[in-house]
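Structure first, commentary second.
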Number of protein chains: 2
Amino acid sequence: MQKKEAPNNIQAYETLRDQILNGKIPANTKLTETMLADKLNISRTPIREAIIRLEEEGLVKNKYVYIPSETDIRHIFQVRSILEGFAAKYSADFISTESLNKLKEYIKTARNGDDNDKLKANYLFHQTIVEETHNPEIVKIINKMQSIIYLMRKTVTLQHRPHLIDEHEEICQEIENGNGEKAEKLVQDHLAKDLEFSINRLGITN
Amino acid sequence: MQKKEAPNNIQAYETLRDQILNGKIPANTKLTETMLADKLNISRTPIREAIIRLEEEGLVKNKYVYIPSETDIRHIFQVRSILEGFAAKYSADFISTESLNKLKEYIKTARNGDDNDKLKANYLFHQTIVEETHNPEIVKIINKMQSIIYLMRKTVTLQHRPHLIDEHEEICQEIENGNGEKAEKLVQDHLAKDLEFSINRLGITN
DNA sequence: AAAATGAAAAATGTATACAATATTATCTAA
DNA sequence: TTAGATAATATTGTATACATTTTTCATTTT
């Protein structure tokens, strides 16, 4: 049995999504159906369906590639902060030893690896904590924000925000100690710093 | 200038959404494009687009109308509890007098009005607190859960869960007192009770 | 010039035909 | 029977033509 290929509308959705996220399709681009259909060598029908998905996801708004304003980003980060804070608090009580070891591993990699490793390790650090809630709804919400988070993370790790890894270490420590309240607070402070650093460096405005 | 009518695909999305929510299209129904196209007297194209929207929203999964399991509902309620808890805490510090008066108004209506008034008042009570965050992301997430929440609310208010309104009153009180921590806790306990009551009465299983 | 008008062009929305898959029913061989 | 193959049917996916709406841009009017 051979693996069935995803239909064009799904593929189109995925490639467009990727291209928007990595900047190949820049912010504010008008997405015209015929233009995209030409580019991907398929008809307008699957393109339309891809665009609808992107719109529901919030990456496209009214046919234009959407860049969130500073206010938008602050709102998104508030949600992230609330949910990841909860996740950290929860982890302090319920984290598995495997996950805890993973966290330590990611800290090590983030200190020693190359840029790409660091990026991935920092992503996994946060993701592991979120997944430790074992609540797919929470994971889903965070994942939906990954597009913006990714941009921010790229900034803070590649531009070496000071103390970033130290903070990860502290968070990990408090989770290990079972100190949920402290862990929650640390995550929220940590994210607040990421936010300010990124907004500053990216020169985001309203 | 006359008001432009929404395109068929949007209208189809809205009517299907409504019909799923009020049970006209029962859970687990297979949504076939031709069948719906016939019923709404339009072609398959706009139907497909409507279904994609419903799928992105989570109301439809793999062409079937989706009913969340008990576990799903618990997960959803955990998110709701975290976010509404935050909203209550936030409100304690920042709520406007207008909103506070509204809350009191809704409590009164929920005590005296008819079933329909009660239902609406209880909805507005929670919605007002959520909106007081002035964070559209939070509002959006909660709204996306409204389908399930609606079901639950119908149960708890129409089957008169005891102390429901008393709890609203306490929450309102603590918000007015500026006691955020207490308000947060009360909201979370309140929602936990709603959840258990509803699951019990609706006979939801996995 | 600025605003208003209205063709021309472009883009979106819808129906439909046909192609590709998935599902169901039917039949055969163990 | 029943597991497996295969034909029949139903459903989904895609391209395309045409209809409708929106946008653009030149022209006229003030």
Side-chain angles (χ1 to χ4, degrees), chain A residues 1-21 23-69 140 147, chain B residues 1-21 23-69 140 147:
Chain A
M1 161 145 56
Q2 81 172 50
K3 58 196 158 190
K4 62 211 157 183
E5 209 174 327
N8 288 168
N9 74 73
I10 304 281
Q11 286 189 312
Y13 160 70
E14 284 167 354
T15 65
L16 289 178
R17 183 176 193 282
D18 288 351
Q19 298 197 353
I20 290 171
L21 288 191
K24 265 192 187 166
I25 299 180
N28 257 339
T29 307
K30 170 85 186 284
L31 296 185
T32 331
E33 294 169 7
T34 31
M35 173 242 185
L36 295 174
D38 280 2
K39 206 157 69 169
L40 303 189
N41 265 310
I42 55 180
S43 83
R44 277 177 52 220
T45 308
I47 294 285
R48 295 196 101 226
E49 303 184 345
I51 291 178
I52 289 173
R53 288 215 159 77
L54 293 167
E55 268 179 342
E56 291 290 320
E57 189 169 341
L59 279 178
V60 168
K61 203 157 187 181
N62 196 28
K63 311 276 161 185
Y64 286 83
V65 175
Y66 176 66
I67 10 117
S69 67
K140 214 189 300 170
S147 37
Chain B
M1 161 151 49
Q2 80 173 53
K3 58 196 158 189
K4 62 208 155 183
E5 208 173 328
N8 287 168
N9 75 72
I10 304 282
Q11 288 189 313
Y13 160 70
E14 283 168 354
T15 66
L16 289 178
R17 184 177 194 282
D18 288 350
Q19 298 198 355
I20 289 172
L21 288 191
K24 264 190 187 167
I25 299 179
N28 257 338
T29 308
K30 170 86 188 284
L31 297 183
T32 30
E33 295 168 8
T34 32
M35 174 242 184
L36 295 174
D38 279 4
K39 205 157 72 168
L40 303 190
N41 264 310
I42 54 180
S43 82
R44 278 177 51 220
T45 309
I47 294 285
R48 293 198 104 226
E49 302 184 346
I51 291 178
I52 289 173
R53 287 214 160 79
L54 293 167
E55 268 180 340
E56 291 289 322
E57 189 169 340
L59 278 178
V60 169
K61 201 157 187 180
N62 195 30
K63 311 277 163 184
Y64 286 84
V65 174
Y66 177 66
I67 12 118
S69 67
K140 214 188 300 167
S147 36

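Per chain, numbering begins at 1; letters A, B, ... match sequence-line order.
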Can you tell me how far P of dG13(D) sits from CD1 of Ile47(B), to the nearest Å?
14 Å

For a quick check of understanding: with a heavy-atom distance under 4.0 Å over all strands, which category does Leu31(B) fall into, base, sugar-phosphate or nothing?
sugar-phosphate

Between the CZ atom in Arg53(A) and the CD1 atom in Ile52(B), the distance rounded to the nearest 0.5 Å is 4.5 Å

Would one find a side-chain N or O of Ser43(B) under 4.0 angstrom from OP1 or OP2 of dT14(C)?
no

With side chain to side chain contact (heavy atoms under 4.5 Å, CB included) as the test, would you mind laying out the steps for Asp18(B) and Lys24(B) before giving the verdict?
CA-CA 8 Å; Asp18(B) 288 350; Lys24(B) 264 190 187 167; over 6 Å; no

Non-hydrogen atoms of Tyr13(A) and Ala50(A) that approach each other most closely:
N-CB, 3.5 Å

Extract all donor-acceptor atom pairs below 3.5 Å that involve side chains of residues 25-36 of chain B and protein atoms in other chains or at least two apart in sequence.
| from | atom 1 | to | atom 2 | distance (Å) |
| --- | --- | --- | --- | --- |
| Thr29(B) | OG1 | Pro26(B) | O | 2.4 |
| Glu33(B) | OE1 | Arg44(B) | NE | 2.9 |
| Glu33(B) | OE1 | Arg44(B) | NH2 | 2.8 |
| Glu33(B) | OE2 | Arg48(B) | NE | 3.2 |

Within this structure, what is the CG-to-P distance between Leu36(B) and dA10(D), rounded to whole angstrom?
17 Å

For Asn8(A) and Leu40(A), what are the C-alpha separation, side-chain angles and deciding distance, and is it a side chain to side chain contact (heavy atoms under 4.5 Å, CB included)?
CA-CA 9 Å; Asn8(A) 288 168; Leu40(A) 303 189; over 6 Å; no

Given dG13(C), dA11(C), dT12(D), identify the nucleotide with an atom nearest to the side chain of Pro7(B).
dG13(C)

Expressed in angstrom and rounded to an integer, what is the separation of Met35(B) atom CE from dA10(D) atom C1'?
14 Å

On a plain distance test, is the side chain of Thr45(A) in donor-acceptor contact with the base of dA15(D) below 3.5 Å?
yes

Interatomic distance, Asn41(A) CG vs dT16(D) C1' [rounded to whole Å]:
16 Å

So do the side chains of Ile42(A) and Ile47(A) get within less than 4.5 Å of each other, counting heavy atoms only?
yes

A side-chain contact here means heavy atoms from C-beta on lying under 4.5 Å apart; do Val60(A) and Ile20(A) qualify?
yes

What's the CD1-P distance between Ile42(A) and dA19(C), to the nearest Å?
19 Å

Pull out every protein N or O sitting under 3.5 Å from an N or O of nucleotides 18-20 of chain D, one pair per line with the distance.
none

dG13(C), OP1 or OP2 - any side-chain N/O from Lys63(A) closer than 4.0 Å?
yes

Rounded distance (Å) that lies between atom C1' of dT21(D) and atom CD of Glu33(A)
13 Å

Just how far, in rounded Å, is P of dA11(C) from CD1 of Ile51(A)?
12 Å

With respect to the side chain of Asn8(A), which nucleotide from dT14(D), dT14(C), dT11(D) is positioned closest?
dT14(D)

In whole Å, what is the span from the OH atom of Tyr13(A) to the P atom of dG13(D)?
16 Å

Any side-chain N or O of Asn9(A) less than 4.0 Å from the OP1 or OP2 oxygen of dG13(D)?
no

